[in-house]
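Each remark here refers to the structure printed beneath this line.
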Amino acid sequence: MRLSRYFLPVLKEDPAEAEIVSHRLMLRAGMIQQLAAGIYSWLPLGFRVLRKVEQIVREEMDRAGAIEILMPTIQPADIWRESGRYEVYGREMLRIRDRHEREMLYGPTNEENVTDIFRRHVRSYRQLPLNLYHIQWKFRDEIRPRFGVMRGREFLMKDAYSFDYDQAGARRSYEAMFVAYLKTFRRMGLTAIPMQAESGPIGGSMSHEFQILASTGESEVFYDAAFEELDLSGAEIDVERLTGLYAATDDKHDPARCPVPPERLKRARGIEVGHIFYFGTKYSEPMGATVMGPDGREVPVEMGSYGIGVSRLVGALIEAFHDDRGIVWPESVAPFRVGLVSLRPDDPACGGLADALYERLRAAGVETLYDETEERAGAKFATMDLIGLPWQVVVGPRGAKAGLVELRPRAGDERLELTPEALLDRLCS
RNA sequence: CGGGGCGUAGCGCAGUCCGGUAGCGCAUCUGCUUUGGGAGCAGAGGGUCGGCGGUUCGAAUCCGCCCGCCCCGACCA
């Protein structure tokens, strides 16, 4: 992508309304634009990251055996009356009426919706286990939205729903999601700590929330150092052991009763990015989602639900990966992999070499943002640092004459002088 | 919802107390010079001062009502 043809409205100064670093940087890097309290448009750069995060989540869900669907944002109040949540949910739910005065709502979550799908189509235990998920916008009319996309009212969430014949099966489904979550966050370069959690309004008996570590995180967390050394590569992962490892937020952590020896107890700050629940028949029973068992008896299906805040993750990633100059994207979620800077597009040697490099990178399928604008060097560097692409390639008039270009990883202060061929070897591999 | 604050040009702000018809920096446009860490000079454009009503000869400024946004707290992916 040529920067001169792109839409990247970066800000030189900090916006007045942004308090935390991810919000400031997302606004400054031209990733988002606020439309109303807690409601944002995603601009090109932000949208690319959102899509990358979404895709990683999708791939790990698919790998774990979940099946993607897409449910609507608007739901009828009826199904929420069936589950009993219409009255319970409170003012966080945005209630609306259509032209026929029918009561509708903008979905804050989709348990009722998916349970309705299930009950219409699944009759037998032989069709289980089943795990359906979607990645869809939600609306929760938060009392106080804040921190940009970290706590928006409208947000993109992946929510998966498992259906099993019995509790043992439900436990396996839960554990599969548990592991998938660890892998998902790991792929984004994040350390995720699963914690025993209250189940809140979703309800249920078993629940973990996943906090990723960032120094600017909202809550203080304590956890067993073993979480940092997890090997998630193998086929066999000891879930029993993982769910048994100690982790707690500060309000639940009691030093006197902590089972982890002090030398292995880690303390950090965390941001909640995922939450998983096992809630049994809480929805299947009132809504009549039943299956026939091998014994010929009809039983309500055992369910769980599994959420990941996709849009929140974008903010959380920046909280975890930034420095005083801007964002430092991990490669897996970076909006572009390479930022190619032509310092003097008007200089024949420099401009020509940069153009040629851009074509080669493009041909090799390397996602490249090519800055061939007439800005001055300092401004170009500042923008590249701000938007945080993992690899900066600088082509200047002096180097171009000598047949050399510069490679700068965004993380760290390393600078390498390379021939164009050596550079392409490194970036295209 | 309780507490605090803000709304003036695309962005960041001054001007409001003490009424006299709007200003600074950045950005934008034109020209010249510059060109490896957010350039310099010269010129130009851009604002119903959040909205409505009131007071006044005159309101960004005083009064009333309304709207929006931010921050702290209780709640959450």
Side-chain angles (χ1 to χ4, degrees), chain A residues 9-20 23-24 27-28 30 33-39 53 57 89-93 107-110 135-160 181 184-185 192 197-202 207-212 218-219 249 251 271-277 305-316 325-326 341-347 350-351 373-386 392 394-400 404-406 408 413 415 417:
Chain A
V10 295
L11 268 36
K12 213 161 169 181
E13 288 170 286
D14 277 332
E17 75 266 23
E19 200 65 21
I20 66 166
H23 191 196
R24 275 204 307 270
L27 290 167
R28 285 197 53 209
Q33 175 69 55
Q34 181 168 7
L35 182 63
I39 300 178
V53 171
V57 170
Y89 213 91
R91 306 221 295 169
E92 251 184 38
M93 185 153 74
T109 175
N110 290 70
I135 300 171
Q136 175 66 293
W137 294 91
K138 305 288 186 291
F139 194 94
R140 293 184 190 172
D141 202 353
E142 296 281 342
I143 297 168
R144 182 154 90 88
R146 63 186 124 168
F147 304 147
V149 300
M150 297 271 284
R151 180 169 304 150
R153 291 193 292 172
E154 188 185 54
F155 58 97
L156 188 61
M157 178 165 129
K158 183 284 301 178
D159 37 326
Y181 273 39
T184 300
F185 299 127
E198 306 290 342
S199 44
I202 308 280
S207 176
H208 284 87
E209 63 179 50
F210 288 75
Q211 303 248 358
I212 58 121
E218 276 192 85
S219 46
T249 49
D251 49 322
I271 301 168
E272 185 183 354
V273 290
H275 204 152
I276 63 178
F277 307 86
S305 77
Y306 315 90
I308 288 180
V310 175
S311 48
R312 171 181 284 187
L313 259 172
V314 177
R325 294 178 318 202
V341 177
S342 176
L343 288 182
R344 293 286 303 278
D346 58 324
D347 177 275
C350 178
T373 63
E374 298 292 337
E375 283 294 324
R376 296 168 61 86
K380 292 187 173 211
F381 293 146
T383 297
M384 275 300 165
D385 287 348
L386 174 64
Q392 298 177 0
V394 180
V395 182
R398 284 200 307 268
L404 290 173
V405 297
E406 198 173 295
R408 307 178 180 182
D413 298 315
R415 296 184 181 190
E417 293 249 287

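If you're wondering where the values come from, they're calculated on a predicted model, not measured in any experiment. Every chain is numbered from 1 and lettered A, B, ... according to where its sequence line falls, protein lines coming before strand lines.
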At less than 4.0 Å, is any side-chain N or O atom of A:Arg325 found next to OP1 or OP2 of B:rG38? Yes or no. no

Determine the contact category for A:Ala36: base if any of its heavy atoms lies under 4.0 Å from a base atom, sugar-phosphate if only primed atoms, P, OP1 or OP2 are that close, otherwise nothing. sugar-phosphate

Heavy atoms under 4.0 Å, any strand shown: does A:Asp14 hit a base, just sugar-phosphate, or nothing? sugar-phosphate

Across nucleotides 22-35 of chain B, 5' to 3', mark each nucleotide with B, S or - according to how protein heavy atoms within less than 4.0 Å reach it. ---BSS------BS

Scoring nucleotides 3-9 of chain B by protein non-hydrogen atoms under 4.0 Å (B base, S sugar-phosphate only, - none) yields -------

Which nucleotide in the list B:rC70, B:rA77, B:rG38 gets nearest to the side chain of A:Glu17? B:rC70

Check side chain to side chain donor-acceptor pair (under 3.5 Å) between A:Gln392 and all other residues, then give those that pass, not counting sequence neighbours. A:Asp385

Would you kindly compare A:Ala16 and A:Gly274 by the position of their nearest RNA chain B nucleotide and give the one closer to the 5′ end? A:Ala16

With a non-hydrogen cut-off below 4.0 angstrom, is A:Gly152 in contact with a base, only sugar-phosphate, or nothing? base

With a 3.5 Å cut-off and heavy atoms only, can you find an N or O donor on one side and an acceptor on the other between the side chain of A:Arg28 and the base of B:rG38? yes

Please classify the nucleic acid contact of A:Gly396 as base, sugar-phosphate, or nothing, using heavy-atom distances under 4.0 Å. base

Which nucleotide in the set B:rC71, B:rC76, B:rG38 lies at the smallest distance from any side-chain heavy atom of A:Phe147? B:rC71

The test is side chain to side chain contact (heavy atoms under 4.5 Å, CB included); show your working for A:Ile143 and A:Arg91 and say whether it passes. CA-CA 9 Å; A:Ile143 297 168; A:Arg91 306 221 295 169; over 6 Å; no

So if I take every side-chain heavy atom of A:Arg408 and compare against B:rA74, B:rC75, B:rG37, which nucleotide ends up nearest? B:rG37

What's the gap between B:rG38 and B:rG5 when it is taken at their C1' atoms, as a whole Å value? 31 Å

Please confirm whether any donor atom in the side chain of A:Arg151 sits under 3.5 Å from an acceptor in the base of B:rC76, or the reverse. yes

Report yes if the ring of A:Phe155 lies under 5.5 Å from the six-membered base ring of B:rA77 with planes under 30°, and no otherwise. yes

Answer yes or no: does a side-chain N or O of A:Arg146 lie under 4.0 Å from OP1 or OP2 of B:rC76? no

Checking contacts here: which listed nucleotide (B:rC71, B:rG36, B:rC69) is nearest the side-chain heavy atoms of A:Ala37? B:rC69

